[in-house]
Structures are given as structure tokens and as C-alpha cells.
Amino acid sequence: MIRPMTESTTTFDPVELLGERFLAAIAAVAPGVGEGADPMISGSKRAELGDFQSNAAMPLAKRLGMKPRELAGAIVEKLDVADLCEPVTEADIAGPGFINLRLRADALAGLLARMDAPELGMPAPAEPRTIVVDLCGVNLAKQMHVGHLRATVIGDTLARVFERLGEKVIRQNHVGDWGLPIAMVTRKLQAEAGAGRLDLEALTLDELDRLYKLAQFECAGQGKGLAIVEKFGLGPKIEAELSAKHAEAMEHLAGAKATLVALQAHEPGVYAVWKRIYEVTMGACLEACGRLHTRITEAANAGESSYSEELRGVVEDLVARGVAEESDGALVVRLDAAGDGGIAEPCLIRKSDGGFLYATTDMAAVRRRVRTLGADRVIYTVDARQGLHFRQVFAAARKAGYATKPGASGPSVLEHAAFGMVLGEDGRPFKTRSGENVKLGDLLDEAVERAARTVAEKNPELGEGERREIAEAVGIAALKYADLSGERIKDYVFSFDRMLAFEGNTGPYLLYALVRTRSVFRKALEAGVALDYADAPIVIGHPAEKALALELLRYPSAVRGVAAALEPMRLCGYLYGLAGAYSSFYDSCHVLKAESEGLRRSRLRLCALTARVLADGLETLGLPTVERM
RNA sequence: GCCCCCGUAGCUCAGCUGGAUAGAGCAGCGGACUUCUAAUCCGCAGGUCGCAGGUUCGAAUCCUGCCGGGGGUGCCA
């Protein structure tokens with residue numbers, strides 16, 4: 001279906017359009033002051049007062065030393081909105097100076113027609129910016145768990161939002177694939193394989209996860225315990241026992257450090273084992289990412305190991321340029337100056353034993369992302385506990401010039417899109433009864449399993465294959481939506497019952513609303529109703545039609561709101577409102593049995609537009625959708 | 001000690017740059033299906049916005065102090 005594109009470049013958002021008109025009126029009333037004023041247009045909270053309102057008169061009156069109601073009157077007098085609104089009179093000025101506006105039905109219809117174009121009001125920008133999104137953040141040899149769910153889902157959704165807005169997005173999976181912990185498990189695997197207790201080719205992630213924990217345990221020293229024993233004189237026997245354990249652990253640790261050195265030198269035997277760990281872990285990770293309906297692929301892999309060759313150069317560069325300095329044998333970047341961010345804690349980039357730290361890797365990552373990949377904005381979807389770390393790294397990177405693109409006048413934007421913890425229903429961190437992390441795969445399975453039960457119950461006539469497909473989509477959508485629909489920074493309580501309740505603000509509710517838009521067209525086909533609605537004049541009569549129309553027009557601003565605040569919740573809230581408006585409309589405005597053919601065609605067009613916005617919005621959020629459920 | 005985040009209805013959460021009577025959902029109560037999927041819709045009830053000051057014509061929102069909860073804090077990642 002091809003429609004003329006001529007009008008699609010202009011906005012159909014009443015807030016923007018009215019803003020322009022108000023700005024002109026304000027400028028006419030207060031020359032020299034009004035030009036930069038904020039027209040303060042917003043949707044009316046109370047439908048009986050109007051559709052939109054401007055609150056501009058109050059703050060402006062203060063600056064001009066006028067009475068706000070008088071200023072409001074003057075603005076209304078200069079206001080030219082006859083083509084958009086019902087006549088605005090003195091009676092529409094309320095309270096201290098609110099100006100209430102009612103959209104004309106024909107204007108509303110015209111705006112909707114303008115929206116009804118392929119890009120739905122979000123044309124690609126002439127010069128896309130480059131946005132790097134750091135997401136997923138898995139560690140080698142460890143099972144993915146509910147914490148990775150947030151980093152993966154929120155990060156991918158933010159990436160999708162920028163993609164929808166036409167920006168160039170580069171996903172970066174900063175895999176924890178390097179350093180001493182990885183060397184520990186590599187060494188452990190070598191030993192197990194060497195002793196014939198392990199077939200590396202048949203290695204599973206479960207086994208890897210177990211050996212990782214074992215290696216960690218073996219290398220854990222008893223220093224603290226020994227100190228306590230000595231301090232309180234708990235006896236030579238216990239001291240000897242602990243000493244022996246400690247010595248053993250130190251031996252393991254020394255072995256791990258040697259393995260790390262071998263790994264860094266790409267010594268073939270060690271490297272081959274590491275490579276195997278990498279393959280097994282990333283295979284499982286990418287499978288989970290696929291099942292989660294994300295666009296995270298192998299191309300996003302940019303693990304810590306990929307920076308290992310750059311760390312020495314980073315540190316040397318920082319020292320040479322006087323950005324880093326020595327302190328107690330370590331190298332630090334001081335950030336306490338007001339111009340550096342005023343952070344009391346310095347950023348450590350090299351230990352006194354010469355080893356690098358994760359801040360060193362992150363400095364190298366900022367440098368690559370901004371200076372090589374050309375990021376205008378780098379977004380880190382990492383849990384909130386890393387707040388200080390990122391404040392330090394960002395400040396240090398800016399100080400070092402790593403955050404500035406070659407030739408750019410100022411640094412790119414570095415942002416930590418921090419998210420809260422996932423809690424169990426007891427309010428404590430989400431774990432199994434035995435205190436283990438819940439495996440991500442198990443979590444997905446249970447969501448899908450529960451969804452399958454409900455689908456079978458609600459729609460028993462579906463075939464086995466379709467039912468399973470629908471359950472997969474519904475379960476995943478429910479899980480992701482639960483993660484996306486709250487404020488990012490807050491901890492959230494994980495509850496299968498709530499996310500899969502299929503009522504209220506849930507993923508399944510949105511999917512259901514989309515299904516209901518689509519079923520109208522299936523039924524129309526069955527009934528032989530002509531689907532010639534594409535250019536049908538839109539008729540806005542019923543209050544439910546009007547509410548739906550107003551909701552539809554807000555779509556682009558909702559998506560842009562997510563990009564600005566990095567809050568997927570905004571789009572969730574918008575879609576929930578749209579789904580609700582559609583449900584009310586669906587209930588009170590029959591489409592196929594509309595009173596006239598004109599009205600039916602108008603409503604079909606409204607349904608089609610709603611379906612497209614819902615589908616586009618769900619795809620932007622990254623929720624899988626279904627035709628029936 | 002210092003720093004950061006959170007505190008809104010019984011529960012889970014919204015409330016965008018300060019704006020009119022603080023909104024949803026769940027749970028509770030009451031209605032609406034021979035009619036496009038009732039996984040829905042409509043209505044009722046439910047709140048000293050943690051507390052106390054301050055700024056303002058106007059504060060859940062901004063500032064200060066306190067209380068409660070969580071997290072972080074120089075050589076782990």
C-alpha cells in the first residue's frame with residue numbers, strides 16, 4: 001500500500017502544533033521575551049475541561065509582572081488556532097490562568113490521516129547519530145540468571161528504540177571472559193580433562209558452572225580465619241588446620257595466576273581450553289538472547305579479552321600525559337577536582353603488583369566505542385550497584401579525552417542506565433529455596449509452561465503446534481514486559497502469577513489487544529466486507545473514538561520519551577493506555593455492524609491504525625506478538 | 001564516617017520541565033456476553049504522597065534536616 005509522503009514530514013502531534021501557535025501568540029503579546037518561552041502544552045487531565053491545555057501564562061506573567069489571567073486573555077486574543085480547535089474564549093481561561101483547548105473533530109481526523117503513513121510519525125533523521133549500547137554482560141563459565149535478564153532485556157529494548165528512531169545502533173556485549181576468575185576455571189578444566197574426568201568436547205554449561213564454583217572455592221584463602229584464630233588464641237590445632245588449608249589455597253591461586261599469564265600469552269594448550277569455555281558459554285547465551293526475542297548476536301561480542309592487548313597502552317598513555325599518577329604503588333586517576341566530576345574516590349587503573357583492573361578495561365572500552373566506533377552516545381545497561389564505578393570511569397575517560405570523537409568539540413554522552421535488583425516475593429534477592437541463582441532457562445521454561453496452561457484453558461480449539469507457539473510468545477512477552485514496565489532504577493518483585501495474570505498492565509493484555517484488532521479484519525474477510533478503508537474519511541463521533549484518536553497521536557512522542565530518559569516504562573505505559581482506549585472503543589463502537597458504511601470504513605481504518613501502532617510499539621519494545629491467542 | 005538510590009491506596013506500581021479534585025492494575029464489592037476473542041468493558045469503595053521545615057500564587061515533584069530500607073566505598077569483577 002503506497003501513500004503520498006508529502007505530508008508525512010510535518011508533525012501531527014497536537015502538543016507540538018499547538019505549541020507553535022502558542023509561541024507565536026506569546027511572542028506577539030510579549031515581544032523580546034516571549035520568543036523563548038515554553039508554551040507548556042499538555043494533555044488535559046480532566047476530559048470535561050478540554051483536550052489540551054497551556055499553562056504558559058502563569059510563569060510568564062511572573063516574569064512580566066502581569067496578572068496571569070490578564071496575560072492569558074491577551075494570549076488568547078492573539079492566538080490563531082481556528083483550524084485546529086473549537087473557538088477559544090474567555091470562558092476557557094480557568095483558575096490562575098490555565099487555557100483550555102478543545103480539538104475540532106475534523107482537525108483530529110485530519111491529524112490521524114496524516115499519521116497514517118508508513119513511518120507513523122518517526123521518519124529517519126538525515127544524519128543518524130551513533131549509539132553504542134552495552135548490554136547483557138554475561139560471564140564465562142557461569143549460568144545466566146535473572147540479573148542478566150534485566151541487562152539483556154532493558155539494553156536490547158533501548159537499542160531497539162534508537163533503531164526505531166533511525167539512529168545507528170551498535171550493541172556491545174561486554175562479556176566477562178578474562179582475568180583471574182576465568183584463569184581459575186581454565187586451570188581447573190585443564191586438570192579435570194588431564195585426569196580423564198572430563199571430556200572437553202562434551203562440556204555443558206551446567207558442568208562448567210559447577211567447576212567454576214569449585215575453582216573459586218579452592219582458591220579462596222583462609223587469611224581472615226587465621227587472623228581471628230591468632231587474635232583470640234583459639235589453639236594450635238585449629239590454627240594448624242587452617243594454615244594447611246590456606247597454604248593449599250595459595251598454591252591453587254598461584255597456579256591460576258600462572259594460567260592467566262599463559263592465557264595472556266595465548267599459549268596454545270591453555271588457550272584451547274579457554275576457547276572451549278567461551279564457545280559453550282556464548283552458545284548458551286546467544287540461544288537465550290534469541291529465545292528472548294532480542295537482536296543480540298555474536299556480532300555484539302566484545303568481551304574483556306578483546307581489550308587485553310590494549311590495556312598496557314592505555315596505562316602508558318595516561319601516565320605519559322599526566323592523567324594518571326602513582327599512589328601507594330598503584331596508578332590512579334584523581335577525579336576530586338570540581339572540573340573532573342568532584343568524585344572523592346580516585347579511579348584505580350593499575351594495581352601495585354602491576355595487574356590491571358576492570359576500570360582499566362572500561363577505559364579502553366570507552367576509547368574504542370567513542371574514538372573507533374564513533375559513538376555520540378554510549379549507554380551502559382548495568383545494575384545500579386556499579387554506579388560509582390561508572391561515574392569514575394566516565395570522569396576519567398573524559399579527563400583523558402577518550403570520550404571525545406576525533407575532531408569533535410566536546411565529549412560524547414556517557415550514561416549508566418542503571419537498574420535495580422530482582423527480588424523474590426519475600427522481598428529478598430530472587431533465589432531458589434536453597435539460595436542458588438535461578439537459571440534463566442528454567443525461568444523462561446516456567447513462564448512458557450504457565451502461559452501454555454492458560455492458553456489451553458482459554459482457547460481449547462487451538463491445535464497443539466499453534467498453542468505451543470502462542471505460549472512461547474505469551475510467556476516471553478509477559479516476562480519481558482514485567483521487567484520493562486517499572487521504573488528502571490527500582491528493584492522489582494518477580495512474580496509469575498502477576499506477570500502472567502493476563503489482566504491489568506501486563507504483556508499478555510497488550511498482546512490480547514493486538515489480537516482483537518486483527519480479528520476484526522479476519523471476521524470482515526469471512527463476512528465478505530470490503531476492506532477499502534485505506535483512504536476512508538475518518539469520523540470522530542463517539543467519545544471512545546475520540547479518546548482512541550488522541551491516544552494514537554501521542555505515539556511518536558512516547559517513543560522519543562524513552563530515548564530521552566532511557567525509560568522503556570514510558571512506552572509500556574503508552575501502549576497500555578492505547579490498549580485500554582482500544583478496548584473501550586471496541587466495547588462501545590461496533591466496527592462491522594456500524595450504523596453506516598462510512599462509519600464502518602472509518603472504524604476499520606481506526607482499527608488498522610491502532611493495530612499498526614500496537615504492533616510497531618510491541619516490536620520496538622521487543623515483545624513477540626501473535627495473531628490469535 | 002562519607003557517597004548514591006528508594007519511600008505514593010491492603011499489594012504491585014504510574015504521576016514527564018512545579019500546576020486544577022494525586023492516577024492505574026491486583027485484591028474487595030456491584031453491573032455488562034444468543035452480538036467483531038468477556039484474557040474484555042463499565043461502576044463503587046480505598047491515600048496525613050515516610051516526617052518536619054523552607055522556596056512559590058501553587059509542591060508527591062525543587063531546597064535543607066531527620067526517620068526507615070537498600071547499595072557502594074583505593075588495589076575482586
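Predicted model, so just to flag it, every value in this text is computed and none were measured. We use all heavy atoms of the structure for the numbers below, so side chains are in, but hydrogens, waters and symmetry mates are not. Labels below follow one simple rule: chain letters A, B, ... track the order of the sequence lines, proteins then strands, and each chain is numbered from 1.
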S.K.: Other residues, nucleotides and ligands only: do more than 12 of their heavy atoms fall within 6.0 Å of NZ on A/Lys257?
M.R.: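 No, the 6.0 Å shell around NZ holds no more than 12 heavy atoms from other groups.
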S.K.: May I ask you to decide if A/Ala536's main-chain N or O and A/Arg605's side chain share a donor-acceptor pair within less than 3.5 Å?
M.R.: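 Side chain of A/Arg605 to backbone of A/Ala536, a donor-acceptor pair under 3.5 Å: yes, one is there.
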S.K.: Provide, to the nearest angstrom, the distance between the CG atom belonging to A/Asp491 and the C1' atom belonging to B/rG7.
M.R.: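 The distance from CG of A/Asp491 to C1' of B/rG7 comes to 12 Å, rounded to the nearest Å.
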S.K.: Begin with the C-alpha distance, continue with both residues' side-chain angles, and end with the deciding distance and a verdict on ring pair (Phe, Tyr, Trp, His ring centres under 6.0 Å) for A/Phe494 and A/Phe496.
M.R.: CA-CA 7 Å; A/Phe494 190 95; A/Phe496 279 120; 5.0 Å; yes
S.K.: Contact class for A/Glu487 vs. all strands (heavy atom < 4.0 Å): base, sugar-phosphate, or nothing?
M.R.: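 A/Glu487: backbone/sugar contact only, no base atoms under 4.0 Å.
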S.K.: Considering only the C1' atoms, how many Å lie between B/rC29 and B/rA45, rounded to the nearest integer?
M.R.: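 One C1' to the other, the span is 8 Å.
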S.K.: Tell me whether A/Arg450 at atom CZ has more than 12 heavy atoms from other residues, nucleotides or ligands lying less than 6.0 Å away.
M.R.: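 More than 12 heavy atoms, drawn from other residues, nucleotides or ligands, come within 6.0 Å of this atom.
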S.K.: Any salt bridge between A/Asp340 and A/Lys399, counting N to O under 4.0 Å?
M.R.: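 Yes, this pair counts.
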S.K.: Measuring from atom CD1 of A/Ile26 to atom CE of A/Met40, what distance do you get when rounded to the nearest 0.5 angstrom?
M.R.: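 A/Ile26 CD1 to A/Met40 CE: 10.0 Å, rounded to 0.5 Å.
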S.K.: So, A/Tyr481 and A/Asn505: side-chain donor and acceptor under 3.5 Å apart, yes or no?
M.R.: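 Indeed, the side chains of A/Tyr481 and A/Asn505 share at least one donor-acceptor pair under 3.5 Å.
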S.K.: Need to verify one output field. Residue with the more 5' nearest nucleotide on RNA chain B, A/Tyr509 or A/Ser42?
M.R.: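 The residue closer to the strand's 5' end, by nearest nucleotide, is A/Ser42.
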S.K.: Show me the side-chain donor-acceptor pairs of residues 567-578 of chain A shorter than 3.5 Å, one per line, residues at least two apart or across chains.
M.R.:
| residue | atom | partner | partner atom | Å |
| --- | --- | --- | --- | --- |
| A/Glu567 | OE1 | A/Arg488 | N | 3.2 |
| A/Tyr574 | OH | A/Glu551 | O | 2.8 |
| A/Tyr574 | OH | A/Leu552 | O | 3.3 |

S.K.: Going 5' to 3' along nucleotides 33-38 of chain B, which nucleotides have protein heavy atoms under 4.0 Å from the base (write B), which only from the sugar-phosphate (write S), and which from neither (write -)?
M.R.: --SBBS
S.K.: Could you encode protein contacts along nucleotides 24-31 of chain B as a string, one character per nucleotide from 5' to 3', using B for base contact, S for sugar-phosphate-only contact and - for no contact, with a heavy-atom cut-off of under 4.0 Å?
M.R.: SSSS----
S.K.: Got a salt bridge between A/Arg453 and A/Glu457, using NZ or NE/NH1/NH2 to carboxylate O under 4.0 Å?
M.R.: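 Looking at A/Glu457 together with A/Arg453, the answer is no, because their closest N to O distance does not fall below 4.0 Å.
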S.K.: Rounding to an integer number of angstrom, what distance separates B/rG23 and B/rA9 when you compare their P atoms?
M.R.: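 The same atom, P, in both gives a distance of 14 Å.
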S.K.: Determine the Euclidean distance between corresponding C1' atoms of B/rC4 and B/rG43; express it in Å to zero decimal places.
M.R.: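 To the nearest whole Å, 45 Å.
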S.K.: In whole Å, what is the span from the CD atom of A/Glu567 to the P atom of B/rC13?
M.R.: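 In whole Å, B/rC13 P lies 14 Å from A/Glu567 CD.
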S.K.: Quick one: do A/Arg102 and A/Asp51 make a salt bridge, cutoff under 4.0 Å?
M.R.: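 No, no charged N to carboxylate O under 4.0 Å.
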S.K.: Report the stems of RNA chain B as range-with-range entries sorted by first number; a stem here is at least three consecutive pairs, Watson-Crick or G-U wobble, both distances under 3.5 Å, and write none if there are none.
M.R.: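 Stem list for RNA chain B: B:1-7 with B:67-73, B:10-13 with B:23-26, B:28-32 with B:40-44, B:50-54 with B:62-66.
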S.K.: Given B/rC42, is OP1 or OP2 found less than 4.0 Å from the side-chain N or O atoms of A/Ser584?
M.R.: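 Checking B/rC42 against A/Ser584, a side-chain N or O does come within under 4.0 Å of OP1 or OP2.
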S.K.: Is it true that a side-chain atom of A/Trp274 and a backbone atom of A/Asp177 form a donor plus acceptor pair closer than 3.5 Å?
M.R.: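 Yes, because the side chain of A/Trp274 sits within donor-acceptor range (under 3.5 Å) of the backbone of A/Asp177.
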S.K.: Any side-chain heavy-atom pair from A/Asp362 and A/His174 closer than 4.5 angstrom?
M.R.: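 They are in contact (side-chain heavy atoms under 4.5 Å apart), so the answer is yes.
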S.K.: For A/Tyr586, does the six-membered ring have the charged nitrogen or CZ of A/Arg516 within the cation-pi criterion, i.e. under 6.0 angstrom from the centroid and within 45° of the normal?
M.R.: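 Output yes; distance and angle both within limits.
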S.K.: Base, sugar-phosphate, or nothing: which does A/Asn100 touch, judged by heavy atoms less than 4.0 Å apart?
M.R.: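 Touches a base.
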S.K.: Taking any heavy-atom pair under 4.0 Å as a contact, classify A/Gly387: base, sugar-phosphate, or nothing.
M.R.: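 Touches nothing.
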S.K.: Hey, which sits more toward the 5' end of RNA chain B by its nearest nucleotide, A/Asp38 or A/Glu48?
M.R.: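 The answer here is A/Asp38.
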S.K.: Can you tell me the distance, in whole Å, between the CE atom of A/Met499 and the C1' atom of B/rC11?
M.R.: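 Result: 16 Å.
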S.K.: Which atom pairs link the protein and nucleotides 54-64 of chain B when you take only N or O atoms and keep those under 3.5 Å?
M.R.:
none

S.K.: Look only at the side chain of A/Ser602 and the backbone of A/Gly598, and say whether a donor-acceptor pair between them is shorter than 3.5 Å.
M.R.: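 It does not hold such a pair.
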S.K.: A/Ile489 has an atom CD1; how far is it from atom C1' of B/rA14, in whole Å?
M.R.: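 Whole-Å distance recorded here is 17 Å.
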S.K.: A/Ser54 and A/Ile41: which non-hydrogen atoms are nearest, and at how many Å?
M.R.: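 Looks like CB-CD1, 3.7 Å.
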S.K.: Sticking with atom P, work out how far B/rC51 lies from B/rG68, rounded to a whole angstrom.
M.R.: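 Those two atoms are separated by 15 Å.
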S.K.: For a quick check, with a 4.0 angstrom heavy-atom cut-off, what is the B/S/- contact string for nucleotides 72-77 of chain B, read 5' to 3'?
M.R.: SSBBSB
S.K.: Within the side chain of A/Arg391, is there an N or O that forms a donor-acceptor pair under 3.5 Å with the backbone of A/Ile343?
M.R.: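 Side chain of A/Arg391 to backbone of A/Ile343: no pair is present.
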S.K.: Could you state the atom-to-atom distance from NE2 of A/His416 to P of B/rC5 in whole Å?
M.R.: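 Result: 13 Å.
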S.K.: For B/rC63 versus B/rG25, give the span between their C1' atoms, rounded off to a whole number of Å.
M.R.: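 Result for the C1' pair: 34 Å, nearest Å.
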S.K.: Below 4.0 angstrom, N of the basic side chain to O of the carboxylate: do A/Glu466 and A/Arg628 qualify?
M.R.: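 Yes, charged N to carboxylate O under 4.0 Å.
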S.K.: Would you say the ring centers of A/Phe217 and A/Tyr212 fall short of 6.0 Å from each other?
M.R.: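 Here the rings of A/Tyr212 and A/Phe217 have centres that are no less than 6.0 Å from each other.
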S.K.: Measure from CZ on A/Arg391 to C1' on B/rC3 and round the result to the nearest Å.
M.R.: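 Going from CZ in A/Arg391 over to C1' in B/rC3 covers 7 Å.
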S.K.: Please give the distance between the C1' atoms of B/rG74 and B/rG70 as a whole number of Å.
M.R.: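 Result for the C1' pair: 24 Å, nearest Å.
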S.K.: With rounding to whole Å, what would you report as the distance between B/rA32 and B/rU37 at their P atoms?
M.R.: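 B/rA32 and B/rU37 have their P atoms separated by 22 Å.
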S.K.: Using whole Å, what does the distance between atom P of nucleotide B/rC41 and atom CG of A/Leu548 come to?
M.R.: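 The distance from CG of A/Leu548 to P of B/rC41 comes to 13 Å, rounded to the nearest Å.
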S.K.: Given the P atoms of B/rC66 and B/rG1, what is the spacing between them in whole Å?
M.R.: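 Pairwise P distance, B/rC66 against B/rG1, rounds to 11 Å.
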S.K.: Atom CD1 of A/Ile41 to atom P of B/rG19: distance rounded to whole Å?
M.R.: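 Atom CD1 in A/Ile41 sits about 15 Å away from atom P in B/rG19.
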